[in-house]
Each structure stands twice: as C-alpha cells, then as structure tokens.
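The structure that follows is given in the form of structure tokens.
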Amino acid sequence: MAELSDVFFVDGMRTPFGRAGEKGMYFNTRSDDLAVKATIGLMERNPGVPADRIDDVAIAATSQTGDQGLTLGRSVATLAGLPLTVPGFAIDRMCAGAMTSVTTMAGSIGVGMYDLALAGGVEHMGRHPLDGSNVDPNPRFVAERLVSADALNMGMTAERIHDRFPHMTKERADRFGMLSQHKAQAAYDDGKFQPDLVPVAVKGADGAWGLATEDEGRRPQTTMGDLAGLKTPFRPHGRVTAGTSSPLTDGATMSLLAGGGAVKEFGLAPKMKLVSFAFAGVQPEIMGIGPIPSTEKALKKAGLTIGDIGLFELNEAFAIQVISLLDHFGIADDDPRVNQWGGAIALGHPLAATGVRLMIQLAAQFAERSDVRYGLTAMCVGLGQGGSVIWENPHYDGKKK
C-alpha cells in the first residue's frame, strides 16, 4: 500500500544558456537535444540511480511545437537512452514550466505513487520566439475585456508595475540589473556555476564545431551610465530597458527527485527537501506581482514567515518584478540573501527551463550555508500567475555564522 512520503531534490544540472537568434551558440542545435544533454549529464552524475527505476519524466516547454513538441518527457527520455519502460510527458505553465514539472512530480512522490522522477524544462527561443506566431489567443480575451490587448506583452506588464508603484523607480531597477551582472560574473570567477553545467557540442554558421561551456549572455562590465542611456522598447519614455530585462535565451534544465524510501534504498544524498509550494493568479496586465501571493500561500502552508527564509532565488524576468516582491516583504533591493550569484538578467531566462535553474543555484548555496535552514525559489508567470517553492537545507546545523 502506498504511503505518504517526504520529497527530496537529489540533484540538478543544466546546459549553459545561450543567446537566442542567429548569433546565438545554439542556433543550429535542436531544442530536444538540449534537453537530452541535460538528462544524460544528470544521470551520469548519479550512477547509483537505476535508470529503469525512474517512474516518470516531466519536461516543460512554452512553445510545444516543432523540436519542442512530440511529448518531450517521453521523446527526450528515449533519446537520452533511458529504458523504454520509463514513461514521460510534456507540461506547460509558461515561465514556470520547469517549476511545475517539479511540483507535479513532487505531488506524485508525496502521495507514494512514485519513488524517483526526472523533472525539467527546455526553451529554444531562437527557434520558437514568443512573438505570437505559435499561439492563437481566443478573441474573447479582448472582445469581452477579460484582459488588456497587450497583456501578453511581458515588457508592458513590467511597465505597469512601475506605473502602479511610482516609488519603484527606474534608477532602482537599473541598479538591480547592474548588480545582477556583477554578481553573476563574480560567481563565475569563483567557479560557482561550472559544476552544474553540462557542456554541449555546437555547430557554428561556418560549419565548425565548438563546445558551449558557459552562459553566453553575461555583460559583467555594465555600469549605471550604460543602463541610463538604453532605449525603452516597450513604451516611449518608459522605464524598462534591455538592461533590466532577461534576454531571449535558449537552454535546458533537469532535476532528479526522490521519495524518502528511494533515498534510503539507493543511499542518496539529497541537496534539498521540499517544504511547500503554491501557485497564485493575479491580473495578467501586472503579472510580475504574481510571486507575492504565491509566496504568501507557500509560507502559510509551511507555517513559516518571510523572516524564516535565509536564501532567495527569484527569477529576474524583469528587475521591477523582483523589486515588487522585495518591497512587499520589506526586503532591501541589495539584501545579500537575494540572488547572491546574480539572476536571469545576466544568465538568461529560457522560459520553461528557468524554474529548475533557480533550484540548482539554491541547492549549491545551501551546501555552503549550514546556518541557513529555509530557502525560496519563486517566479512570475505569463497570463497573470506566480509560483513559489520553499525548500529545507539538509546541511543546516542551527549555528549562526
């Protein structure tokens, strides 16, 4: 008989993230092959996990067409060499796709249906841009005024947060974007990211082969002066610029989840334990505030307060989106607990893949911070949603540094 189980994040790996488009390093690489590389890398790093014991594979993509179609969980598992007895499926919650892959599998593990599962996401924004060409929104959305006509323009939703909260100034957003670049490069210089990156063979426009080993979109020399002079593409005289937005990005992530019984059976050393998760809806026109109610829900379910969270990994879809959450909870923009290795403004945001990237970084930080018990991964989601997952650090020793 199935029994309730704790859920553990055993491990996670990802491809380096590349700039989308013809000049990006993955322009000639298939989307599903990126997911295959992340899956193979993760399984090779965990040889004690029998591949035939994986109960299911969930892989998210926002644009489920072309090389991001064909039920990614199943097709990628097969291409990665997992036994044909291992099933899989695709999932979509736009930017929170990989996060939803994790929470969906966590639910199955938690009620004792699964012992081991793979959960991740992939997005090739160079092959499948989020420009409306892959979707056909129902005309009722606008005709019946259910949402604004530009509610799917993520940049406009970010501008509206500035409109609603004037004290969240462009200067604050610029400084947050600049610091993301600086922190990401410092983390690279310290070797923080490299252990969790799976190298990918890439073919250039000239036919020559190379190896992708680092995130491609970083701009570590960014200054406040640079950001002050950037155009505001979403609105004339606006406040959101390329320097305070996540760039269009290609990449894939994958995680290994396990229940308590599997952890004992295979002698695994989990990197995090799931405490709670929640998703919430908000007005699509200001989708960036979505993580505020989802975080409040997750904290309530966990019996915790925001003061219990010692590390934050918040997706930087836009600087103003993160600032809105920090402002709501009374946290300073430059609080050292927040995105201490930078975020999506510097590293990129391959939509449905990003949720697990946040978890990979939090897990690595947990390993260095035995004084921190709880961490939060959270993100906003298109069409007006937010997602939050609270994790517990298995290295916690109760001693303050």
Side-chain angles (χ1 to χ4, degrees), residues 14-38 41 61-63 65-69 94-95 97-98 121-135 153-155 158 174 177-178 180-185 187-189 193-194 197-223 225-227 229-234 240-253 315-319 342-354 357:
R14 66 178 178 92
T15 67
F17 288 172
R19 294 176 183 170
E22 294 185 8
K23 296 182 180 180
M25 61 189 182
Y26 293 138
F27 189 67
N28 295 311
T29 304
R30 288 179 59 98
S31 180
D32 49 10
D33 282 338
L34 291 175
V36 167
K37 290 297 294 185
T62 301
S63 298
T65 185
D67 57 349
Q68 284 186 184
M94 299 183 78
C95 298
V122 62
E123 206 75 53
H124 200 310
M125 301 183 75
R127 287 176 177 261
H128 309 288
L130 195 67
D131 58 4
S133 62
N134 295 322
V135 296
N153 182 320
M154 299 300 103
D174 284 352
M178 178 189 71
S180 179
Q181 296 284 358
H182 295 176
K183 290 188 289 185
Q185 188 57 47
Y188 255 102
D189 293 343
F193 294 113
Q194 292 88 330
L197 298 180
V198 179
V200 179
V202 294
K203 188 177 183 180
D206 58 358
W209 286 90
L211 194 65
T213 59
E214 294 187 355
D215 298 309
E216 188 178 27
R218 310 190 314 277
R219 298 179 182 276
Q221 305 305 320
T222 298
T223 67
D226 295 332
L227 298 179
L230 292 179
K231 296 180 180 179
T232 58
F234 306 110
V240 180
T241 69
T244 56
S245 309
S246 56
L248 303 180
T249 310
D250 307 329
T253 60
N315 187 39
E316 298 170 357
F318 299 93
I345 290 173
L347 302 173
H349 173 30
L351 301 184
T354 290
R357 194 270 299 170

Inset, instruction - Tell me, with the steps shown, if Glu123 and Gln68 meet side-chain hydrogen bond (donor to acceptor under 3.5 Å, both in side chains). - result: CA-CA 8 Å; Glu123 206 75 53; Gln68 284 186 184; 3.2 Å; yes

Inset, instruction - Go through the steps for Arg14 and Leu197 under the test side chain to side chain contact (heavy atoms under 4.5 Å, CB included), then give the verdict. - result: CA-CA 5 Å; Arg14 66 178 178 92; Leu197 298 180; 3.5 Å; yes

Legend entry - Distance (rounded to the nearest 0.5 Å) between Thr62 OG1 and Leu351 CG: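 Nearest 0.5 Å value for the OG1-CG distance: 4.5 Å.
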
Legend entry - Test log, rule side chain to side chain contact (heavy atoms under 4.5 Å, CB included), inputs Asp189 and Gln185: CA-CA 6 Å; Asp189 293 343; Gln185 188 57 47; 2.9 Å; yes

Inset, instruction - Of all the heavy-atom pairs spanning Tyr26 and His124, show the shortest one and how long it is. - result: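 The pair with the smallest heavy-atom distance is O-NE2, 2.8 Å.
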
Inset, instruction - Please confirm whether the backbone N or O of Gly343 pairs with a side-chain atom of Ser180, one donor and one acceptor, at under 3.5 Å? - result: yes

Inset, instruction - If the plane angle is over 60° it's perpendicular, under 30° parallel, otherwise tilted; pick one for Phe193 and Tyr188. - result: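 Ring orientation, 0 to 90° scale: tilted.
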
Inset, instruction - Would you confirm whether Asn153, through its side chain, and Gly155, through its main-chain N or O, come within 3.5 Å as a donor-acceptor pair? - result: yes

Legend entry - Check: Thr223 main-chain N/O paired with His182 side-chain donor or acceptor under 3.5 Å: no

Legend entry - Arg127 to Asp67 - nearest heavy-atom pair and separation: CD-OD2, 3.0 Å

Inset, instruction - Please check if the side chain of His349 supplies one atom and the backbone of Cys95 the other of a donor-acceptor pair under 3.5 Å. - result: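 Checking the backbone N and O of Cys95 against the side chain of His349, no donor-acceptor pair under 3.5 Å is found.
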
Legend entry - Flag, side chain of Asp215 to backbone of Pro16, donor-acceptor distance under 3.5 Å: no

Legend entry - Heavy-atom closest pair, residues Ala353 and Gly121: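 That would be CB-O, 3.4 Å.
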
Legend entry - Nearest heavy atoms of Val240 and Ala158, plus distance in Å: CG2-CB, 3.8 Å

Legend entry - Min side-chain heavy-atom separation Thr244-Asp174 under 4.5 Å: yes

Inset, instruction - Check Val122 against Ala352 and note the closest heavy-atom contact, atom names and distance. - result: O-CB, 3.9 Å

Inset, instruction - Give the intermediate values and the outcome of side chain to side chain contact (heavy atoms under 4.5 Å, CB included) for residues Arg357 and Thr354. - result: CA-CA 5 Å; Arg357 194 270 299 170; Thr354 290; 4.2 Å; yes

Legend entry - Listed once per pair and sorted, the salt bridge (Lys or Arg N to Asp or Glu O under 4.0 Å) pairs that draw on residues 15-31, sequence neighbours left out: Arg30-Asp32

Legend entry - Closest non-hydrogen atom pair, Thr253 against Ala38: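 Scanning both residues, the minimum pair turns out to be C-CB, 4.2 Å.
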
Inset, instruction - With rounding to the nearest 0.5 Å, note down the distance linking OG in Ser246 to CE in Met154. - result: 11.0 Å

Legend entry - Distance (rounded to the nearest 0.5 Å) between Asp226 CG and Thr241 OG1: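 Nearest 0.5 Å value for the CG-OG1 distance: 10.5 Å.
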
Legend entry - Atom pair CD1/CZ of Ile345 and Arg218 - distance to nearest 0.5 Å: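 Interatomic distance, Ile345 CD1 to Arg218 CZ, rounded to 0.5 Å: 15.5 Å.
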
